[in-house]
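To start, the structure itself, in structure tokens.
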Amino acid sequence: MNGLADLGGAMRGDDSKQEAMFSYVSAERRVPQDHPLRPVREMVDTILKEMWGRFARLYSTVGRPSIAPERLLRALLLQIFYSVRSERLLMEQLDYNLLFRWFVGMEMDEAVWNHAVFSKNRERLLNEEVAQEFFARVLGQARSYLSDEHFTVDGTLIEAWASQKSFRAKDSEPPSNTPGTPGTPREADFHGQRRGNETHQSTSDPEARLYKKSTGSEAKLSYLGHGLMENRNGLLVRTMVTQADGTAEREAAMLMAWQTVQKMPATRRITLAGDKNYDTREFVATVREMGITPHVARNEKRPGGSAIDARTTQHSGYAVSQRKRKLVEQAFGWMKTIGQLKKVKLRGLEKVSGWFTFVGAAYNLMRLRKLRTAAAA
């Protein structure tokens, strides 16, 4: 059998490379109606319209126009969704990726921004307050999917954008900027030295702390990210970032739990799940005083035994909380792999906190899209 018979007698197509002068198909028509980003874009547009008043207060009425805040936030969401590792690469994608142009709201032939200009605009716009408002309005979209009774708390290590060689004695002279001179970060030798947060700090990010998550692991310059999750569908309802130390997870958990209780009726009893790190007598007693039932995992190896006794574990709800609490690990896993928060590329507690909250909002958007799709099926 010859090749013509194999192709059914079809005539060969023309490999013409003549470029068309005009295109009459918009980006809106090119994106499939069932594309996963369409429902996300609808939710984001609604949220950004609700934030119009805040944006109006942030910008002057005179001067050179900046990047529209709505477009900037949409572009940052794309950077998170598609794990674009730098803003330079994000601008490259915006230049030729029609899906990116459509989501941001750019015309087909509109020029993209310079990556440095984009970064400056992002620094001015995306502070902790804006990120928290965006996060809260995403939760407003998810109101019907949220539990108001059962929650889980957890923390995760966020590696700071600072090297070990930048961790220097606080009373030492600042390193020289001249390459190759003694004392520069690349030539600093810290092996054999005893270094701690009381006597040393990073010259790159002074608010980062040397910390290790578990015994035997490497100590790294880090922050701690914290999340409070509702147990029904695994949506984050509160986030915060603190400096890394041994008690920060429990202190942040108590603060987020207290903020949640303040919005509940006085007669409402809620549960709070967590891993073994939260099984301390101080933490358990404190949350009980708040009117919260602690459903944390028992740590039998802790001196004095577990603070959780049969009064709690005998109830079936405790077993449910222990099963549901693992959903928060999925949220943190998404934020650190897809959202690239394993090592944050910002410096300073306020900036890291704002970005952590914004990535948490992006996770909730993707989770909410799946929940709405499943409900409509």
Side-chain angles (χ1 to χ4, degrees), residues 27 31 35-52 54-55 58-59 65-106 110-139 141 158 161 225 227 236 239 241 331 334-348 350-369:
V31 177
H35 195 282
L37 278 184
R38 278 196 176 274
V40 176
R41 169 72 188 271
E42 291 176 6
M43 289 186 284
V44 171
D45 285 350
T46 300
I47 291 166
L48 294 177
K49 286 179 182 177
E50 295 171 350
M51 294 180 67
W52 187 91
R54 173 175 284 274
F55 295 148
L58 288 174
Y59 291 86
S66 66
I67 300 174
E70 295 86 352
R71 289 186 169 189
L72 192 146
L73 292 180
R74 290 194 201 102
L76 289 175
L77 285 172
L78 284 176
Q79 185 176 10
I80 295 168
F81 294 154
Y82 288 92
S83 305
V84 182
R85 69 177 184 270
S86 72
E87 287 165 351
R88 185 188 295 270
L89 287 177
L90 179 63
M91 296 303 103
E92 181 181 321
Q93 285 284 335
L94 275 175
D95 196 23
Y96 58 72
N97 191 319
L98 293 181
L99 177 65
F100 277 40
R101 282 181 171 267
W102 165 80
F103 190 88
V104 172
M106 299 179 68
E110 187 174 347
V112 300
W113 311 292
N114 177 273
H115 67 91
V117 173
F118 183 87
S119 298
K120 288 291 185 182
N121 278 262
R122 186 256 303 152
E123 288 180 5
R124 286 196 293 264
L125 173 66
L126 191 60
N127 56 34
E128 193 169 1
E129 291 182 2
V130 171
Q132 285 287 357
E133 180 169 348
F134 187 87
F135 183 89
R137 293 191 182 277
V138 171
L139 287 180
Q141 295 276 318
I158 304 172
W161 196 246
L236 295 171
T239 62
V241 173
W334 189 95
M335 293 168 70
K336 294 177 79 169
T337 54
I338 306 300
Q340 302 182 91
L341 270 179
K342 183 179 174 66
K343 184 166 186 174
V344 68
K345 295 183 179 179
L346 298 172
R347 289 172 176 157
E350 183 177 356
K351 291 182 179 180
V352 173
S353 182
W355 186 244
F356 184 81
T357 298
F358 192 70
V359 176
Y363 169 79
N364 279 349
L365 283 169
M366 299 305 287
R367 181 75 182 135
L368 183 55
R369 177 191 66 81

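What you are looking at is a predicted structure, and each value in this text was computed from that prediction instead of being measured.
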Between S83 and Q340, do the side chains contain a donor N or O and an acceptor N or O under 3.5 Å apart?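 There is no such pair between these side chains.
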For residues [X] and [Y], determine if any side-chain heavy atom of one lies less than 4.5 Å from a side-chain heavy atom of the other.
| X | Y | answer |
| --- | --- | --- |
| L76 | F118 | yes |
| R74 | L48 | yes |
| L37 | F81 | yes |
| R54 | V130 | yes |
| F356 | V344 | no |

With side chain to side chain contact (heavy atoms under 4.5 Å, CB included) as the test, would you mind laying out the steps for V84 and L78 before giving the verdict? CA-CA 8 Å; V84 182; L78 284 176; over 6 Å; no
Considering all heavy atoms of both residues, which atom of I67 and which atom of Y59 are nearest to each other, and what is their separation?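 Taking I67 first and Y59 second, the nearest heavy atoms are O-OH, 4.2 Å.
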Closest heavy-atom contact between V112 and R101? CG1-NH2, 3.7 Å
N-O pairing of [X] and [Y] below 4.0 Å:
| X | Y | answer |
| --- | --- | --- |
| R41 | D45 | yes |
| R137 | E133 | yes |
| E110 | R71 | yes |

Distance from E87 atom CD to W113 atom CH2, nearest 0.5 Å? 11.5 Å
Donor-acceptor contact present, side-chain N364 to main-chain L236, <3.5 Å: yes
Is a donor on one side and an acceptor on the other found under 3.5 Å between the side chain of K345 and the backbone of R85?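 Present.
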Around atom CD of E50, are there more than 12 heavy atoms of other residues, nucleotides or ligands at under 6.0 Å? yes
Looking at K120, I want to see if its NZ is surrounded by more than 12 non-hydrogen atoms of other residues, nucleotides or ligands under 6.0 Å.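 Open: at most 12 neighbouring heavy atoms sit under 6.0 Å from NZ of K120.
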Give the intermediate values and the outcome of side chain to side chain contact (heavy atoms under 4.5 Å, CB included) for residues Y363 and T239. CA-CA 12 Å; Y363 169 79; T239 62; over 6 Å; no
Applying ring-ring contact (aromatic ring centres under 6.0 Å, His included) to F358 and F135, what does each step give before you reach the verdict? CA-CA 7 Å; F358 192 70; F135 183 89; over 10 Å; no
